[in-house]
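Below is one structure; the comments refer to it alone.
Remember, it's 1-based here, ligands and their atoms both numbered in the order they're listed. FYI, side chains are in, hydrogens and waters are out, and symmetry mates aren't considered; it's all heavy atoms of this structure.
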Amino acid sequence: MHNDEHYMRLALDVAKAGVGQTSPNPAVGAVVVNGGTVVGLGAHLKAGEPHAEVYAIRMAGEKARGATVYVTLEPCSHYGKTPPCADLLIQAGVRRVVVATTDPNPLVAGKGIAKLRQAGIDVDVGVLKDEADELNRMFFHYIAAKTPFVTLKFACSLDGKIATATGESKWITSSAAREDAHRLRAQHDAILVGVNTVLTDNPKLTVRFGEKRKNPLRIILDTKLRTPLDAHVVADKEAETWIITGGVSREQAAAYERLGVRVFSMPTAQIDVRDVLRLLGEQGVMSLFVEGGSRVHDSFLRAGAVNEVIAYIAPKLIGGRGAPTPVGGLGFARLAEAVELDIRRIETIGPDIKIVAAPKRK
Ligand code: NDP
Ligand code: ZN
């Protein structure tokens, strides 16, 4: 058992290579061990490319016969873009398969494990399950809820201000913290902000660190289409942009559509976050990075739509009764209604603190 955890941890580390770049697929790692020696490693790196098991078995070659395979997610049993990995493991003659967690995808969901067992392979399930579930939390949420996994992110001072009373907000946190936030942007399918943030900050909402990569989709909540036609998100063509409105005329939308922006009209005049999430789920958006402003944060929290909260806190005191805070709007009137969080991690990044937290499961 001790050995199983050791090799599964290695498989999880290998899987991490794919995190943030496999959507709509999960990140998966596989390790092949024969006679106490690691003979193959593999990770799924991109949708459409081979699964982790394929690389690992290929590397192991003849040594896969009689080996134990550690895989962070149940091997697939269906013909997708690639043939089923369960069949591959059977053909390779492996003796035992250790699986961290089952695949909730209804096309697999236990069928991969059943197939292996039918072929006489020993299968153990659940080794480092919590770590494996955490690694693919966005994928698992999307499969179960059919709406994107929502990460709410903000940067504030130690006294909880996101800007000064006069509205100055660039920059509260260090460049190291901002680079970390850009890395997180890159791990989501889409970034969402409210129209006031576009009007006050004119953000680009692109990933600007390291090598150039595909930028996530940009989404603006904008009931009456107040986003300026010359805003970066409309004009710069650096990424796709969708504007979600409360229903606007075709002429109004046309000016944006000519610039390549998609304009959606929601069924209600007041945009309901739950409708937005349903729409994005239907459009295949698996993960959403919500970056403000404070009214939008309030709406997402009230809708119970937040899966993870990321706060960057700078060691600064800004003060001012009128200075805005990360969650505005009406807030919750009673403490009993407040969104309670479990802190998952606390890190320091340069001079700042990063807190990763998740709403307590009720
Ligand atoms: P928001 O950016 O949250 O935009 C709110 C507006 O979005 C609403 O007034 C509304 O305008 C529109 N909207 C449409 N649907 C919804 C909905 N369901 N829920 C909420 N809003 C909706 O505005 P804020 O004024 O709260 O925040 C902007 C400020 O926050 C800026 O000054 C910016 O600098 C700061 N900020 C700070 C960040 C930080 O981390 N430090 C990050 C991001 C912003 P309409 O009715 O016209 O549709
Ligand atoms: Zn597979």
Cluster question for you: counting only ILVMFWY and a side-chain heavy-atom cut-off of under 4.5 Å, with indirect links fine, are L280 and Y142 together? no
Answer with yes or no whether G167 contacts ligand 1, where contact means a heavy atom under 4.0 Å from a ligand atom. no
Check the side chains of T227 and D222 for a donor-acceptor pair under 3.5 angstrom, ignoring hydrogens and angles. yes
Would you check if there is a donor-acceptor pair between the side chains of N34 and R65 at a distance under 3.5 Å? no
Using a 4.0 Å cutoff against the non-hydrogen atoms of S294, which atoms of ligand 1 qualify? 3 (O), 24 (P), 26 (O), 27 (O)
At a 4.0 Å threshold, what atoms of ligand 1 neighbour a non-hydrogen atom of I162? 30 (O), 35 (C), 36 (N), 37 (C), 41 (N)
N/O to N/O below 3.5 Å, does that happen between T223 and ligand 1? yes
Connected via hydrophobic side-chain network under 4.5 Å: I355 and I349: no
Checking E291, E308, H188 against T151 for side chain to side chain donor-acceptor pair (under 3.5 Å), the one that qualifies is H188
State whether the shortest distance between N or O atoms of G293 and N or O atoms of ligand 1 falls below 3.5 angstrom. yes
Find out if a path of hydrophobic residues (ILVMFWY) with successive side-chain heavy-atom gaps under 4.5 Å connects L135 to L128. yes
Looking at ligand 1, does D201 have a heavy atom less than 4.0 Å from it? yes
With the threshold set at under 4.0 angstrom, would you say V193 reaches ligand 1 through any of its heavy atoms? no
Could you check whether atom CG of L317 has more than 12 heavy atoms from other residues, nucleotides or ligands sitting under 6.0 Å from it? yes
Among all protein heavy atoms, pick out the one at the shortest distance from atom 31 (C) of ligand 1; state its residue, atom name and that distance to 0.1 Å. T200 OG1, 3.2 Å
Do any of the N, O or S atoms of H44 sit under 2.8 Å from the Zn ion (ligand 2)? no
Strictly by modelled atom types, are D133 and T101 linked by a side-chain donor-acceptor pair under 3.5 Å? yes
Does S299 approach ligand 1 within less than 4.0 angstrom via side chain, backbone, both or neither, non-hydrogen atoms only? side chain
Ligand 1 N/O within reach of V296 N/O, cut-off under 3.5 Å: yes
Of all the atoms in ligand 1, which lie at a distance below 4.0 Å from a heavy atom belonging to R226? 11 (O), 45 (P), 47 (O)
In ligand 1, the atoms that come under 4.0 Å of a heavy atom of K224 are 46 (O), 47 (O)
V285 and D189: which non-hydrogen atoms are nearest, and at how many Å? C-OD2, 3.8 Å
Determine whether any heavy atom of A155 lies closer than 4.0 Å to an atom of ligand 1. yes
Within the structure, does G292 bring an N/O atom to less than 3.5 angstrom of an N/O atom in ligand 1? no
Could you pull out, from N196, T173, V327, L192, the option with a heavy atom nearest to atom 5 (C) of ligand 1? N196
When rounded to the nearest 0.5 Å, the distance separating OG1 of T206 from CD1 of I191 is 7.5 Å
Using a 4.0 Å cutoff against the non-hydrogen atoms of S169, which atoms of ligand 1 qualify? 34 (O)
Is Y55 linked to V99 within one hydrophobic cluster, defined over Ile, Leu, Val, Met, Phe, Trp and Tyr using a side-chain heavy-atom separation of less than 4.5 Å? no
Got more than 12 heavy atoms from elsewhere within 6.0 Å of CD, E337? yes
Per-atom contacts of ligand 1 with D222, taking only distances under 4.0 Å to non-hydrogen atoms: 48 (O)
Nearest option to atom 43 (C) of ligand 1, as decided by whichever heavy atom of E291, R302, Q270 sits closest: E291
Distance in Å, R185 CZ paired with R208 CZ, rounded so as to fall on 0.5 Å steps: 6.0 Å
The N/O/S atom of H51 lying closest to the Zn ion (ligand 2) is ND1
Those atoms of ligand 1 less than 4.0 Å from some heavy atom in F154: 40 (O)
Which protein non-hydrogen atom lies closest to atom 12 (C) of ligand 1, naming both residue and atom, and how far is it? L221 O, 3.6 Å
Using heavy-atom distances only, which candidate in M266, R295, K153, H297 approaches atom 8 (C) of ligand 1 most closely? R295
